[in-house]
There are 2 protein chains.
Amino acid sequence: MARKQGSHSEITGPRVLEAALRLIARHGYAAVSMRQIAAEVGVQAGALYNYTPDKQSLLFDLMRHHMVELLDALAEADLTGDALSRLKGFTQFHIRFHLPRSDQVFVSYMELRNLVPQNFTAIETMRREYEDALENILRAGEAEGVFAVPDTRVATMALIAMLTGLSHWYREGGRLAMPVIEQIYWDLVRKSVAV
Amino acid sequence: MARKQGSHSEITGPRVLEAALRLIARHGYAAVSMRQIAAEVGVQAGALYNYTPDKQSLLFDLMRHHMVELLDALAEADLTGDALSRLKGFTQFHIRFHLPRSDQVFVSYMELRNLVPQNFTAIETMRREYEDALENILRAGEAEGVFAVPDTRVATMALIAMLTGLSHWYREGGRLAMPVIEQIYWDLVRKSVAV
DNA sequence: CATCTAACTGAACAATCGTTCATTTGAAAA
DNA sequence: TTTTCAAATGAACGATTGTTCAGTTAGATG
């Protein structure tokens with residue numbers, strides 16, 4: 001047997017990334033073998049190398065794709081207006097973008113140490129760009145006099161950690177619906193930087 | 001060669017745990033081999049099995065030790081008084097306990113998925129106990145009327161995520177000294193739950 | 001000094017790892 | 001219908017994995 005029924009590169013390729021994402025999110029990069037990924041896709045391990053030069057590139061592609069998607073979506077969100085509106089927009093954006101992508105969040109925040117230095121730097125640069133978007137809002141709020149943030153960089157890291165932490169415990173169909181949780185987090189964010 | 005100069009079980013035993021902690025924190029549980037740990041200690045891989053029945057127990061021991069130490073220290077902190085004082089005490093305690101233990105924090109928050117179910121449950125129970133300590137403070141503040149927290153459970157998770165996130169980016173000798181950072185985080189915490 | 005044994009070595013085990021590649025297959029093109 | 005070739009297979013590579021264990025040794029004990 002070789003090519004299977006209905007098997008094409010434009011089908012198998014994405015399925016490799018999907019399988020890798022789910023497996024790595026659950027068990028970790030080092031704990032997942034190429035054979036496990038292949039089995040999930042329904043091919044032999046060798047076939048994966050039609051779609052990735054090696055395992056490391058697979059991880060990097062997953063993380064880069066997540067970050068590019070994040071930055072694109074943020075740009076499209078087009079947060080304008082006064083600082084308070086922008087902060088609310090950012091909070092909503094962050095929650096709505098990350099909550100349906102728990103696997104990506106897991107991988108992007110847990111597997112950084114498994115990237116080779118060059119790939120690590122690339123991801124870190126994009127992450128920094130995202131953080132800077134929030135910090136700029138906090139700075140604007142300081143300038144407007146509507147925020148009281150002793151150190152915008154520290155506050156940025158603190159708020160992003162708080163918001164991202166949501167992805168680690170939120171489960172669909174849990175005690176609280178998403179809009180409720182969104183409101184709770186916005187209250188916490190808003191008050192924490194208030195004058 | 002067998003027993004080395006000055007080599008004793010009460011010396012080698014702790015060194016195994018120290019080496020495992022540092023290596024797992026840097027590279028992850030699955031990526032670290034028993035031979036790497038042994039090399040760090042200065043023995044052969046087989047010698048490790050005088051100190052742990054298997055690799056999984058090594059990981060579990062590290063995480064259990066961290067949680068036991070955390071809960072003991074919290075109990076000893078003996079946070080009393082009004083809710084605001086207790087919240088300040090908890091915030092200070094959390095930061096001061098976790099900041100000098102970045103390896104333990106890394107392992108305890110990243111390697112949960114590598115615990116077998118029974119060990120996972122044991123750690124999760126202790127973690128829940130710690131979370132409940134904070135939630136009780138938030139509840140008390142609600143009762144006193146000094147906190148305005150729509151959902152104490154969500155706020156608990158949000159605040160712990162914010163505080164623990166500090167361990168992920170803080171580096172000794174960085175731009176800001178620890179007392180300064182502590183003050184910034186306390187401001188954020190205090191305001192976020194304020195009425 | 002002789003004895004004992006905890007602590008270690010070093011080789012071995014089967015299993016699994018990432019990766020390569022000659023070969024085979026089947027769907028699309030001619 | 002025949003030809004073509006992208007997309008697979010499946011076997012193989014050397015390296016490494018966690019773990020076991022018979023044998024060795026150095027420090028404590030008598």
Side-chain angles (χ1 to χ4, degrees), chain A residues 1-24 26-63 107 111 113-116 118-119, chain B residues 1-24 26-63 107 111 113-116 118-119:
Chain A
M1 289 211 327
R3 183 188 298 196
K4 297 193 167 180
Q5 251 193 343
S7 177
H8 298 290
S9 90
E10 63 266 27
I11 293 176
T12 306
R15 290 193 60 207
V16 169
L17 289 176
E18 288 162 21
L21 177 65
R22 185 167 56 251
L23 287 171
I24 293 175
R26 285 194 190 10
H27 308 107
Y29 172 74
V32 171
S33 71
M34 295 298 271
R35 283 173 181 84
Q36 279 178 267
I37 297 171
E40 190 90 351
V41 175
V43 298
Q44 294 296 315
L48 298 183
Y49 292 84
N50 289 324
Y51 306 100
T52 183
D54 47 43
K55 195 188 177 189
Q56 167 74 204
S57 302
L58 206 49
L59 177 62
F60 180 55
D61 281 351
L62 290 176
M63 299 182 67
V107 171
E111 306 296 349
R113 62 187 167 185
N114 287 310
L115 291 175
V116 298
Q118 182 185 329
N119 292 344
Chain B
M1 290 213 324
R3 184 188 296 195
K4 298 194 166 178
Q5 251 191 343
S7 178
H8 298 289
S9 90
E10 63 266 28
I11 292 176
T12 306
R15 289 192 61 206
V16 169
L17 288 176
E18 287 163 22
L21 177 65
R22 184 168 58 252
L23 286 171
I24 293 175
R26 286 195 189 7
H27 309 108
Y29 172 74
V32 172
S33 71
M34 295 299 270
R35 282 173 182 80
Q36 279 178 267
I37 297 171
E40 191 89 351
V41 175
V43 297
Q44 293 297 314
L48 298 183
Y49 291 85
N50 290 322
Y51 306 100
T52 182
D54 48 42
K55 195 187 177 189
Q56 167 74 205
S57 303
L58 206 49
L59 176 62
F60 180 55
D61 281 352
L62 290 175
M63 300 181 66
V107 171
E111 306 297 350
R113 61 187 168 186
N114 286 310
L115 291 174
V116 297
Q118 182 186 330
N119 292 344

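Quick note on labels: first sequence line is chain A, next is B, and so on, each numbered from 1.
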Where the side chain of [X] is concerned, which of [options] is the nearest nucleotide?
X       : options               : value
B:Lys55 : D:dG10, D:dG18, C:dT9 : D:dG18
A:Ser33 : C:dT9, D:dA8, C:dC17  : C:dC17
B:Met34 : D:dT19, C:dC8, C:dT19 : D:dT19
A:Ala45 : D:dT9, C:dT19, D:dT19 : C:dT19

Interatomic distance, [X] [atom1] vs [N] [atom2] [rounded to whole Å]:
X       : N      : atom1 : atom2 : answer
A:Leu48 : C:dC17 : CG    : P     : 13 Å
B:Gln56 : D:dT17 : CD    : P     : 18 Å
A:Gln44 : C:dT25 : CD    : P     : 14 Å
B:Tyr49 : C:dA11 : OH    : C1'   : 15 Å
B:Leu58 : D:dT19 : CG    : P     : 10 Å
A:Gln36 : C:dC17 : CD    : P     : 6 Å
B:Tyr51 : C:dA6  : OH    : P     : 12 Å
A:Arg35 : D:dC13 : CZ    : P     : 14 Å

Task: Closest non-hydrogen atom pair, B:Phe60 against B:Leu115 - done: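 The answer is CA-CD2, 4.1 Å.
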Task: Which atom of A:Ile24 lies closest to which atom of A:Val107, heavy atoms considered - done: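 Distance-wise, the nearest heavy atoms are CG2-CG2, 3.9 Å.
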Open item on the list: Does a side-chain N or O of B:Thr12 approach OP1 or OP2 of C:dC8 to a distance below 4.0 Å, or not?
Closed with: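 Result: yes.
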Open item on the list: Just so I know, are the side chains of B:Asn50 and B:Val16 near enough to count as touching, which here means a heavy-atom distance under 4.5 Å?
Closed with: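 They are not in contact (no side-chain heavy atoms under 4.5 Å apart), so the answer is no.
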Task: Heavy-atom side-chain proximity of B:Val32 to B:Glu40 below 4.5 angstrom - done: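 No, their side chains stay 4.5 Å or more apart.
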Open item on the list: Just to verify, which of B:Lys55, B:Met34, B:Arg35 counts as forming a side chain to side chain contact (heavy atoms under 4.5 Å, CB included) with B:Leu48?
Closed with: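 With B:Leu48 as partner, B:Lys55, B:Met34, B:Arg35 yield a single side chain to side chain contact (heavy atoms under 4.5 Å, CB included), made by B:Met34.
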Open item on the list: What's A:Val32 touching, base or sugar-phosphate or nothing? Going by heavy atoms closer than 4.0 Å.
Closed with: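 The answer is sugar-phosphate, as A:Val32 gets under 4.0 Å only of primed atoms, P, OP1 or OP2.
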